[in-house]
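Single-structure report; data block below.
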Number of protein chains: 2
Amino acid sequence: MARTRLTPERESELYAAVLDLLREVGYDALTMDAVAARTHSSKATLYRQWGSKPELVVRALRHNKPVSFAEIDTGSLRGDFHALVSRTDDCQMKKDSELLRGLSHAVHGNPDLLQALRELLIEPEMTGLGTVLRRAVDRGEVPADHPALKYVPHMVVGAIAARELVEDRFVDQEFLFDYVDSVVLPALGVCSPRVPASPRTRVPDSPSP
Amino acid sequence: MARTRLTPERESELYAAVLDLLREVGYDALTMDAVAARTHSSKATLYRQWGSKPELVVRALRHNKPVSFAEIDTGSLRGDFHALVSRTDDCQMKKDSELLRGLSHAVHGNPDLLQALRELLIEPEMTGLGTVLRRAVDRGEVPADHPALKYVPHMVVGAIAARELVEDRFVDQEFLFDYVDSVVLPALGVCSPRVPASPRTRVPDSPSP
C-alpha cells in the first residue's frame, strides 16, 4: 500500500477523526462514509491507503501510542517500566481504555478487527516488552531463565482488565506505578522500593490487619 | 425470595439447562420462555424464584462453582492456590471461559447483568480470596503489610484475560499451576519451587537466551 501521498499531518488528522467517531458512535456504527465526510476525503482514498475499516481503526489507535516500548531505554527495568507508564497521562489512559472497551466488545463479531488488533497493536507491544525485558536480562537484573519472564504480559494486561472488572475504575498512572513496584518487579526478583530487600522478611511485631 | 420450594436436585437441573441455553444461543437471545420450556416449569415459578434473567443466569454460573475459596484450607498459601486450581478440570475451565466470554460481551449493554455478576460471582470470589490470603498472613507466610496483597485479584484475573488476549487460548490447570508458582507466590515473597530461594540470584555462567 502506498501511504506516501498523505502528509504526516494529514494522516494524524485522519486518525484523530477516526478516534473521535469511534468514541461517538462505536465501532459497529462507524462507516467509511462517515470517515470520508468528517475528513473531507474520498472513500477511494481511504480504501487505497488502509485497505479496510479494521485496519484503519487499529492504525488510528496505534498512531495514538507514538512511543513504543522498544524506544525506551533508561538503564534499569524499573526505570523502563516507569517511563512506559509516564508516556501516557491519566486523561489519555481513560480515553484509551474507553476505546479498547468498545473495541473488545466489537472484536467478538469481527475476526478481521481482532486480527488487525493483534497484528498492529498487541504483537508490537509484546515485541517491545520483550526488548525491554531482554535488556534487563543482558544487564544481569533478571536471570535469563527466570520463570516469571514469560508472564509479564499477563501481569500487565491483568492490571488493566482487573481494575475495570474488580474495581470498576480505569487505570491511571498512580495505580500503574504502584502495581509495577508491588507486583511486576518483585515477581521478577528485581529490587523494588515497595518491598523489603528480602521478600521473605517477617514482621512479627506488627499487628494483624 | 422463597427458594425452599425447589429441591436441590431440581435447582441443579434448572441451572444446568440455563447454562446449556447460554452456550447455545448466548445471553441476549436467552429468554425466560425458553428456560421455562426447556425445564418444563412455569415462567411464574422462574420469576418467583430468581426475580430476573440476570440473577437467574448469574446464579446458574455460581452454582457451577460449588467449592468456594473460603472452604479451602490446606495449611499453606501454595497448597490453597493449587487446591483452587484443582477444583476445576480443563474441560470445565474451557466451558466456563466460553460462558464468561459470552457474558463479558453482553455485560456492556446490560447494567443489571453486570451488577448481578459483581454481587453473585465477583464479590464472593474476592471475599473468599481475601480469606485465603488472611490465613496466610495469620500463619506468618506473608507480612500483613505486603504491598502485593491487594493486587492478587489483578494477578489472577490477568492470567485468565491475557491468556485469551495475548495467547488466544483458554486457561487450563497446567498454565495456572505454573502461573501461581512463577508469579503470584514470588510477588508475595512466598517460597516457590519455581524460583530459587533468593530471587536476586544471578546465573552468570548460563548462556543468554
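The sequence lines fix the lettering, A, B, ..., with proteins before strands; numbering per chain opens at 1. The structure displayed is predicted, hence computed values, not measured ones.
Across every non-hydrogen atom of B:P186 and A:A187, the tightest pair is CB-O, 4.0 Å. The two residues B:A162 and A:P153 have their closest heavy-atom pair at CB-O, 4.3 Å.
Side-chain contact between A:V157 and B:R163 is absent, with no heavy-atom pair separated by less than 4.5 Å. Residues A:K150 and B:V183 have side chains not in contact (no heavy-atom distance under 4.5 Å, counting atoms from C-beta outward).
Heavy-atom distances place both the backbone and the side chain of A:M155 under 4.5 Å from chain B.
Within 6.0 Å of CZ in A:R23 there are more than 12 heavy atoms belonging to other residues, nucleotides or ligands.
Atom CZ of A:F175 sits about 4.0 Å away from atom NE2 of B:H154, to the nearest 0.5 Å.
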